[in-house]
Amino acid sequence: MNKQYNSQDLTRESTEQIRDLGKKVGKKMLRRAVRKVAKWLKRLLFTFLKQLVIGLLKALFATLGVWGIVILIVAVLFLAILESIPGADWMLGGGARTADMIAIDKKYEDEYKQLADHSVSEIDDINAEPDWASEFKSIIKPSWGIPAALARYSIVRTDGQKIIYPESNEIFNALKPRFHYKTITTDVERWKTEIVCCDPQTGKCTTTVTYETKTRPAHKVLDWVWTPYGDITVPSLKKYWLGTESAEQIKFNEGSTNPDHYRKIKETVSKNCTTIVWYQYENTEVNDLKIPDLKEDESRLKGILMNEGVKEVDVPIIYQWAAISDPLDSTLVFYAGKFEGVNIHDRYTNYDNFLMNFENDSIPVDGWVWPVKDTTVISSGYGPRWGKLHAGVDIGGRKWLGSPIVAARDGVVVRAYKSDSYGNAVFIQHDNGLQTRYAHMLDGSIVVSVGTRVKAGDAIGRLGSTGRVTGPHLHFEVVKPKYYGDITPTKQLKNYDPMIFIGRAR
């Protein structure tokens, strides 16, 4: 039985081996056949494409000729080169954006600006004069121009429609200001006691003065701020208070800088002596009498831009685009103007030539002309403002930064200078006994000096935002000086609503 089983088993195994061998031989022959067919098809396709290309070239030569082919090759090379130039495709496409894309642009801009506004809200917690706080925030607030320029830079290798925005939080975190504080431990409360004793017989009096102090609780004061443009050191200032000031006066830091500023809190008389007790307390806050200077560090902003993917050679282009997007950012405008050959005819970089070809085409009305060439917009009129007299009119705004400012009447320049409050300013004396004053002009823009004779409509500078301001405008005043060339502060002189004189020339 076992012999019969083994014989059958051997027969079955032999049959399977023969079948497997047949399969292997068949597969090998099939693979060879496939390879031969593939090679034949490849040669056929190559031959077809070769004949097609030769046919197309013959057709092009027959249609365009040799020079046509040369022009076609040059055009292709030109487009390839143009593709490598930042912004070229934006210009070729006209920067066209659909309504939906513009809505996305606006949403991104608003998102970033909200982050930027929030980043400087810390200044609102500081006790300081409101105009100082507003101006300081404008200096340290991250500029919208930078992310706008980076978004535009992303167009370089697109079709002019697609914009890949840098993530708003990421770029904001690279640009947001960092605040550093110091601890003040030296402020004190002070009681000054004066004892005056007089001899009734001789009438001679002697005065004894003693002081008692008590250390006030330590508090922090802003010391310096990191910005993408460089650091700003914030000086501090000790002021003296009487303890009777309102919450608003404290918030606006309206203490006295006079160390002898005291309040009488007690007076007693005993025999021949009178005792008076005076009180004050010290409080150190930021020095809000002057806007602190920015110590520029261009390498810092350059490094931030390169970390965002900007090539070093393209950094000047980013400055240009950023300055155009945010012309109020004077540091960006300054950086943009440092690079010759980049948009050299753009007014943001060509300050020196801005007034060279200016022509006086003004027609005086009763001897007066409107003092700003490009706008008649009044942003703030003459009269009470913020509890004080606004002794002039503010003309223009952000849109007219750099607009020519002209002499409102024939006269002679009696002062051209820069101050903490007026910024770059010019005073002009007129033959009718009045004097006009022009404030907040752009740095480096004044083209007259003391003694210059001007005609109504002659350029004297450009609209800016220097001094204590909340934004670009011309502050224009008309005063009655006490004598020729008088430069006494306006609040101490007779002053008028300028619209009485220039209103008809508007």
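These numbers come from a predicted model, not from an experiment.
If you take CG on D374 and NZ on K399, they are separated by 10.0 Å, rounding to the nearest 0.5 Å. Rounded to the nearest 0.5 angstrom, H390 NE2 and S380 OG are separated by 4.5 Å. To the nearest 0.5 Å, the span separating CD1 on I171 from CG on L115 amounts to 11.5 Å. Atom CZ of R263 sits about 10.0 Å away from atom OH of Y281, to the nearest 0.5 Å.
Counting heavy atoms from C-beta outward, K238 and N283 have side chains that stay 4.5 Å or more apart. Using a 4.5 Å heavy-atom threshold, the side chains of I395 and P371 count as touching. Side-chain contact check for Y229 versus I139: every heavy-atom pair is 4.5 Å or farther apart. The closest side-chain heavy-atom distance from V426 to R415 is not below 4.5 Å. Between I126 and V286 there is a side-chain heavy-atom pair separated by less than 4.5 Å.
Ring-centre distance between F476 and Y438: below the 6.0 Å cut-off. Close placement of the Y417 and F427 rings is indicated, their centers lying within 6.0 Å of each other.
Between H440 and H473, the ring planes lie perpendicular to each other; the angle is over 60°, past the 30° to 60° tilted range.
Looking only at distances, no side-chain donor or acceptor of H180 sits under 3.5 Å from a matching main-chain atom of L222. In this structure, R178 contributes its side chain and K176 its backbone to a donor-acceptor pair below 3.5 Å. One N or O on the side chain of D187 and one on the backbone of T284 form a donor-acceptor pair closer than 3.5 Å. Judged purely by atom type and a 3.5 angstrom limit, Q435 has no side-chain atom pairing as donor or acceptor with the backbone of I428. Between the N307 side chain and the L305 main chain, no donor and acceptor come within less than 3.5 Å of each other. Looking at K113, its side chain never comes within 3.5 Å of a backbone N or O of S143 through a donor-acceptor pair. Side-chain atoms of E245 come within 3.5 Å of backbone N or O of L242 as a donor-acceptor pair. For the pair E135 (side chain) and W132 (backbone), a donor-acceptor distance under 3.5 Å is absent. One N or O on the side chain of T466 and one on the backbone of N424 form a donor-acceptor pair closer than 3.5 Å.
Salt bridge annotation for R190-E282: present, with a cationic side-chain nitrogen under 4.0 angstrom from a carboxylate oxygen. The residues D366 and R409 are annotated as not salt-bridged, no charged nitrogen and carboxylate oxygen being separated by less than 4.0 angstrom.
In this structure, K192 fails the cation-pi test against Y279, since its NZ or CZ atom is not both closer than 6.0 Å to the six-membered ring centre and inside 45 degrees of the ring normal.
Neither side chain, N258 nor S256, offers a donor N or O lying under 3.5 Å from an acceptor on the other.
The salt bridge (charged side-chain N to carboxylate O under 4.0 Å, His left out) test with K137 is passed by exactly one of D117, D125, D124: D124.
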